[in-house]
Participant: 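Below is one structure. I have some questions about it.
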Amino acid sequence: MTGTPAPGPELIGRAASPGLAAGPVVVVDVLAGDVAASGDAHAEAANLTRALETASAQIAGLMETVEPEAAEMLEFQLAMLEDEELTAPVRAAIADGSSAAAAFAEGLDAVIADYRASQDEYFRARTADLADIRERVLRALSGKASEAPVAGAVLVGKDLTPTRFLETDWSAGGGIALADGSPSSHVAMLARARGVPMVTGLGAFDTSDLKEALVDGDSGRVRFNPDEAARRQHAERAEALAREAEAAKTYLGRPAATACGVSISVMINVAAPEEVDALDPAHCDGIGLMRTEFLFHGAGGLPDEDSQYQAYRKVLEWAGGRSVTIRTLDAGGDKPVPGLTVEESNPFLGCRGIRLSLRRPEVFRVQLRALARAGCHGNLQVMLPMVSVPQEIEAAARLLDTCVAELHAEGHEAVRPPLGIMVEVPAVAVTPERFAAAAFFSIGSNDLTQYVLAAGRDSADVAELGRADDPAVLALVASTLRGGAAAGLPVSLCGDAGSDLAVLPKLLACGLRRVSVAPAALARVKAALAGMRLGEHG
């Protein structure tokens, strides 16, 4: 970073995760890898092998402790560490006399530069993971353990790798302030899920004399080396926000409604059955999105029917008759599944979601059978991701009907659940009337936004473009709502926009009346709805 700010600078970036944080600064440095070669190529090659094995073991261990969505991110890193094409140039450089550290740093820097310059969104999105791998292997080569930041520290740097975030103990508070980064990056999504205040896009600044930081994840402001007045003002605001959060909890047990009395259905998104253990089903109107990717990332390979059935049944029984929408496997794009997804030049626009499931009917049938059996234990809806043409609904419906008939013939109890679709491909939102065969629509605002605006969710360079309240996105939300109403189909929204309090009023103005949010946002959203009046944000 270059440039020296004035003493006690206040910088303004992009709000990435709400909340306030105050604490000592811990600078997240990028390791240089400028280690002198020992002169023994065999020893340097052995050092590299040990470092790769150490890094793989660390990531594998971390995967066992994190939430399913985070584990999906780490799958890619493990695969890259085992990729001989990645390490072949590094080993060649070592054979020519380079140190393992210098060769690996140079090799990864070249790959990262290629990925960052790619026209392919998938490859650009993977640069953070490659940077993560670079730092982990270099740290293993240097013999340095990952530093454990001071409790409640503010991590400051150019960017932050996913595993650095996951290895940090956030229980004592803390925050993140980054020169680069994106509010839609993987790290930002993790920060929102765990309630860690985060600001990105602060621009280049000198970190050498920074001792303390105040982070405002709501306004995007970060003050370094604050004076006593700034600390006092920050503490007063933190106390006020804590009171608001406590007050918001009083809305958990109430039906959600706006200030003008319009009822809003507020459901939750879950990524794994274990998430519901600490939740009271009476606090929500059901589950608007249950992801199933967690089942497909185990060490044992693709999941069998019974393991899927048990997972789905657990959540349906927890819901106690409330609606539960379970999404079929949404693999591909930035969520590869070993042994299932295929390598493509542009996987975000390739064989992902329902496209992949229909291509692999032997895998899809197992999931549909498990869902049909689980449907006997609650109010189940099944949702198809990445639908682009009506024929995909028809093909999935035929396969589901076949699975239900087979189960009955085999003597199993089974139901034929309603089959709805995610609205995330613009073609569906533009012509929703063509998809009236679906039982319901659920708008996936994250993917819909990135496809409408051609702005990758993990790209800091285009982060400013990827706004869910862009008029074009809102127009497609309104189009979907009109199409659902004309066909008599319920329409909900299950993306991040549903819990963005700056965007939610605009969605309500479009006619949206059903949202699904992260459990951590439930109280905040219900409390905010109680203060909103329709017609004020048209």
Side-chain angles (χ1 to χ4, degrees), residues 121 267 269 288-293 325-335 346-359 364 368 381-400 417-457 466-498 503 506-507 510-516:
E121 177 187 336
M267 300 165 285
N269 302 330
L289 168 64
M290 176 182 172
R291 301 174 177 91
T292 59
E293 291 73 55
T325 300
I326 299 180
R327 185 178 68 189
T328 60
L329 179 63
D330 188 19
D334 60 348
K335 293 173 286 190
N346 193 347
F348 276 96
L349 300 180
C351 190
R352 61 170 293 201
I354 187 60
R355 303 171 183 179
L356 179 63
S357 292
L358 292 175
R359 178 176 287 194
F364 196 25
L368 292 177
Q381 297 187 127
V382 175
M383 181 161 65
L384 306 175
M386 197 64 182
V387 168
S388 305
V389 293
Q391 290 80 0
E392 289 165 335
I393 306 174
E394 298 164 6
R398 286 194 299 270
L399 191 56
L400 176 59
L419 200 61
I421 63 171
M422 291 269 295
V423 178
E424 49 194 337
V425 175
V428 182
V430 171
T431 57
E433 66 278 2
R434 297 168 57 223
F435 300 85
F440 60 90
F441 294 154
S442 181
I443 300 169
S445 61
N446 297 354
D447 271 331
L448 182 63
T449 299
Q450 77 164 346
Y451 287 137
V452 169
L453 296 169
R457 291 161 56 182
R467 300 183 60 88
D469 58 354
D470 184 274
V473 178
L474 293 175
L476 291 186
V477 169
S479 171
T480 303
L481 288 162
R482 289 193 300 269
L489 304 180
V491 180
S492 61
L493 182 143
C494 61
D496 284 345
V503 179
K506 300 175 184 179
L507 296 171
C510 290
L512 184 70
R513 298 294 180 267
R514 297 165 60 88
V515 296
S516 191

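Owing to the predicted nature of the structure, the values given are computational and were not obtained by experimental measurement.
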Participant: Got a sec, which residues hit side-chain contact (heavy atoms from CB on, under 4.5 Å) with Ala486, two or more places apart in sequence or on another chain?
Facilitator: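 Partners of Ala486 by the side-chain contact (heavy atoms from CB on, under 4.5 Å) criterion come out as none, since no residue qualifies.
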Participant: Could you state the interatomic distance from CE (Met290) to CE (Met383), rounded to the nearest 0.5 Å?
Facilitator: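 Nearest 0.5 Å value for the CE-CE distance: 11.5 Å.
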Participant: Please list all pairs passing the side chain to side chain donor-acceptor pair (under 3.5 Å) test where one or both residues lie in residues 433-445, with sequence neighbours left out.
Facilitator: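 For residues 433-445, and leaving out neighbouring residues, the side chain to side chain donor-acceptor pair (under 3.5 Å) pairs sorted by first residue read Thr431-Arg434, Ser442-Ser492.
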Participant: Could you give the distance from CG (Leu329) to CE (Met386), rounded to the nearest 0.5 Å?
Facilitator: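 Answer for the CG-CE pair, Leu329 versus Met386, is 13.5 Å.
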Participant: Going by heavy atoms in the side chains, are Thr325 and Leu289 under 4.5 Å from each other?
Facilitator: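 Thr325 does not reach Leu289 side chain to side chain.
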Participant: Can you list the residues that meet the side-chain contact (heavy atoms from CB on, under 4.5 Å) rule with Ser516, with sequence neighbours excluded?
Facilitator: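 By the side-chain contact (heavy atoms from CB on, under 4.5 Å) rule, Ser516 matches Met267, Asn269, Cys494.
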Participant: Please collect all side chain to side chain donor-acceptor pair (under 3.5 Å) contacts where either partner lies in residues 418-428, sequence neighbours excluded, each pair once.
Facilitator: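 The answer is none; no pair qualifies.
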Participant: Judged by atom type as modelled, is there a donor-acceptor pair below 3.5 Å linking the side chain of Thr449 to the main-chain atoms of Arg467?
Facilitator: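 No: the side chain of Thr449 does not pair with the backbone of Arg467.
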Participant: Do you know the tightest heavy-atom contact between Val425 and Leu448?
Facilitator: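 It is C-CD1, 4.3 Å.
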Participant: If you measure from CD1 on Ile326 to CZ on Arg291, what distance do you get to the nearest 0.5 Å?
Facilitator: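 That separation rounds to 13.0 Å.
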Participant: Might you work through the side chain to side chain contact (heavy atoms under 4.5 Å, CB included) test for Arg352 and Asp330, ending with a clear yes or no?
Facilitator: CA-CA 7 Å; Arg352 61 170 293 201; Asp330 188 19; 3.6 Å; yes
Participant: Using every non-hydrogen atom in the two residues, find where Phe364 and Ala396 come nearest and quote the distance to one decimal.
Facilitator: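 In terms of heavy atoms, the two residues are closest at CE2-CB, 4.1 Å.
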Participant: Would you name the heavy atoms of Asp469 and Leu474 that are closest together and state the gap between them?
Facilitator: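 Between these two residues, the closest heavy atoms are O-CD1, 3.4 Å.
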Participant: Do you know the tightest heavy-atom contact between Leu493 and Leu512?
Facilitator: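 Smallest heavy-atom distance, with atoms named: CB-CD2, 3.8 Å.
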Participant: Return yes if some donor-acceptor pair links the side-chain N/O of Asn446 with the main-chain N/O of Asp496 below 3.5 Å, else return no.
Facilitator: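 Checking the backbone N and O of Asp496 against the side chain of Asn446, a donor-acceptor pair under 3.5 Å is found.
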Participant: Working to the nearest 0.5 Å, report the span between CD1 of Ile421 and OG1 of Thr328.
Facilitator: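 Between Ile421 CD1 and Thr328 OG1, I get 11.5 Å after rounding to 0.5 Å.
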Participant: Atom CG in Leu453, atom CG in Asp470: separation rounded to 0.5 Å?
Facilitator: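 Answer for the CG-CG pair, Leu453 versus Asp470, is 4.5 Å.
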Participant: Where do Pro385 and Met422 come nearest, in terms of heavy atoms and distance?
Facilitator: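 Between these two residues, the closest heavy atoms are CA-CG, 3.9 Å.
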Participant: Looking only at heavy atoms, what is the nearest atom pair of Phe441 and Phe435, with distance?
Facilitator: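 Nearest pair, atom of Phe441 first, then Phe435: CE2-O, 3.6 Å.
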Participant: Quick one: side chain to side chain donor-acceptor pair (under 3.5 Å) pairs with a partner in residues 386-395, sequence neighbours left out?
Facilitator: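 Counting only pairs at least two positions apart or across chains, the side chain to side chain donor-acceptor pair (under 3.5 Å) contacts touching residues 386-395 are Arg355-Ser388.
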Participant: Identify every side-chain donor-acceptor pair in residues 475-485 under 3.5 Å, counting partners at least two apart or on other chains, and give the distances.
Facilitator:
{"from": "Ser479", "atom 1": "OG", "to": "Ala429", "atom 2": "O", "distance (Å)": "2.5"}
{"from": "Thr480", "atom 1": "OG1", "to": "Leu476", "atom 2": "O", "distance (Å)": "2.8"}

